[in-house]
Structures are given as C-alpha cells and as structure tokens.
Amino acid sequence: MFSKLYDEKIKKWATDICHVMELVVAIFVLIGVIMALVSLIPSVGEFWQHRQEADSLMHFLERVSAIVIGVEFMKMLCRPNADNVLETIIFLVARHMIIVTTTTPLDDLISTISIVLLCYMRRYLNVSKKREELWPVLHKLDKEDKAKLDEQ
C-alpha cells in the first residue's frame, strides 16, 4: 500500500517536471521564433532588391516556412495533443514539398499522399472527438427513437 502511494507520487512529480521542462523549451523556441522574425525584416528588403531572381523567392520562402514550423512546434509543446502534432507534421511535409527543389516525382507523390493521409487522420480524430462529446445526447435520442419504434 505504502509502495503504491509512493510510486504514484514519484510518477506525478516526474510528470510535473516534464511539463515544466516542455514549457522551458517552448520559451526557448518562442525566443528563437522572435529572433527569426526580427531577422526576417532585412530579408524582405533583400528579397525586394533581388525579386527578379527565382532563387530569391525560394530563399525567402525557406526562411518564412522555418518560422511557421517553429510556431507550430511551440504550439505542440504548449498543448501536446494529436491535432497539434498532426498539424506540425503537415507543415513539415508541405515545407519539404515547397522548399526542396531536387525531389523526384516519386518523392512528390509520397509527400502528397502523406499530406492527404495526415489531413484524413486529423479529420477522423476531430469527428471521433465530437462523437464522444455528443455520445450521451445521441445515446439518449437512440433510446427515445427505439421506444417510439416499439410503440408503433
């Protein structure tokens, strides 16, 4: 009995420490994202000066997408749930598709299928979550419908 209570306290303490460490990492990611945003300001001017070159757009998109992924990663650290994890992975795959220019058609196909599957999973998880929230109401309605059918 004493050992079980002691184990639960240790587990709770370790979990609390992990949450604090995740928040500390999220703060560092936030600092990094802010620094990247500030460093993006000169890149806008640089992009404007070299806007005729195709590589300048790709370089600019690479920097912007890195910031977006940093923001998504920070959201994932602050609120770790399946929806945020899937969203982060979707952005990572999309960044790979847009930024990496040396991909093969097979790479592009696999990336596209990955995004479709991730979006499907995200939608399925949201539908399942809403179904669980509505289960008591649906279950009650189901009983009432069955009672009406039994009366007829």
Side-chain angles (χ1 to χ4, degrees), residues 4-142 145:
K4 196 173 193 179
L5 180 65
Y6 188 67
D7 287 346
E8 291 299 318
K9 285 188 177 188
I10 290 175
K11 287 178 184 177
K12 184 181 178 343
W13 179 75
T15 303
D16 290 344
I17 287 176
C18 289
H19 287 295
V20 169
M21 289 184 343
E22 283 178 347
L23 288 175
V24 169
V25 170
I27 290 169
F28 283 125
V29 171
L30 175 66
I31 291 168
V33 167
I34 291 170
M35 289 169 51
L37 276 171
V38 170
S39 72
L40 190 65
I41 295 170
S43 295
V44 173
E46 196 176 302
F47 170 63
W48 183 255
Q49 288 175 350
H50 302 286
R51 65 186 176 275
Q52 302 299 326
E53 300 169 17
D55 288 345
S56 64
L57 175 63
M58 294 307 292
H59 181 69
F60 185 73
L61 286 177
E62 186 176 348
R63 293 188 67 159
V64 169
S65 64
I67 293 170
V68 169
I69 289 172
V71 170
E72 290 300 321
F73 184 68
M74 188 177 63
K75 280 177 29 182
M76 186 179 71
L77 286 173
C78 291
R79 280 186 257 139
N81 59 34
D83 209 28
N84 286 340
V85 171
L86 287 174
E87 194 171 315
T88 303
I89 295 171
I90 289 169
F91 275 106
L92 283 169
V93 174
R95 179 183 185 271
H96 176 76
M97 285 180 67
I98 294 168
I99 300 304
V100 179
T101 57
T102 58
T103 58
T104 65
L106 182 62
D107 291 339
D108 294 338
L109 177 65
I110 291 171
S111 296
T112 303
I113 291 171
S114 298
I115 288 179
V116 168
L117 288 174
L118 288 166
C119 289
Y120 179 76
M121 284 176 50
R122 186 171 173 219
R123 180 169 171 81
Y124 176 76
L125 287 173
N126 286 337
V127 168
S128 296
K129 190 183 332 176
K130 287 180 182 176
R131 188 174 290 152
E132 285 177 17
E133 291 170 0
L134 293 175
W135 173 249
V137 175
L138 292 174
H139 187 65
K140 183 179 177 184
L141 288 176
D142 197 30
D145 289 340

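Just so you know, residue 1 is the first one in the sequence shown, and it goes up from there.
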Just by distance, do the side chain of D107 and the backbone of T104 share a donor-acceptor pair under 3.5 Å? yes
If every non-hydrogen atom of M97 is compared with every non-hydrogen atom of I115, which pair is closest and at what distance? SD-CD1, 3.7 Å
From C119 atom SG to E87 atom CD, the distance as rounded to the nearest 0.5 Å: 9.5 Å
Looking at every heavy atom in both R122 and I90, which two are closest together, and how far apart are they? CD-CD1, 4.5 Å
For I69 and F91, work out which heavy atoms get closest and say how close. CD1-O, 3.9 Å
Quick one, I67 and L37 - any side-chain contact, counting heavy atoms below 4.5 Å? yes
What's the separation between atom OG1 in T88 and atom CD in E72, rounded to the nearest 0.5 Å? 5.0 Å
With no hydrogens and no angle check, is any side-chain donor or acceptor of S56 less than 3.5 Å from a backbone partner on H50? yes
Taking all non-hydrogen atoms of both residues into account, name the closest pair between L57 and F47 and its distance. CA-CE1, 3.5 Å
Is the shortest side-chain heavy-atom distance between V20 and L23 below 4.5 Å? no
Taking the side chain as C-beta and beyond, is there a heavy-atom pair between T103 and H96 under 4.5 Å? yes
Value for CD1 (I89) from CG (L117), rounded to nearest 0.5 Å, stands at 12.0 Å
Which distance, rounded to the nearest 0.5 Å, do you find between the CE of M74 and the CZ of R79? 10.0 Å
Distance-minimising heavy-atom pair for I99 and M58: O-CE, 3.8 Å
Are the side chains of L86 and M121 in contact, using a 4.5 Å heavy-atom criterion? yes
Heavy-atom closest contact (S111 atom, V93 atom, distance): O-CG1, 3.6 Å
Distance from F73 atom CZ to L92 atom CG, nearest 0.5 Å? 9.5 Å
Tell me whether D16 is salt-bridged to K12, with the criterion being a basic N under 4.0 Å from an acidic carboxylate O. yes
With side chain to side chain contact (heavy atoms under 4.5 Å, CB included) as the criterion, how do I113 and V116 come out once you've worked through the C-alpha distance, each side chain's angles and the decisive distance to 0.1 Å? CA-CA 5 Å; I113 291 171; V116 168; 5.7 Å; no
Checking S39 against R63 for the side chain to side chain contact (heavy atoms under 4.5 Å, CB included) test, could you report, in this order, the C-alpha distance in whole Å, the side-chain angles of both residues, the deciding distance, and whether it holds? CA-CA 10 Å; S39 72; R63 293 188 67 159; 3.0 Å; yes
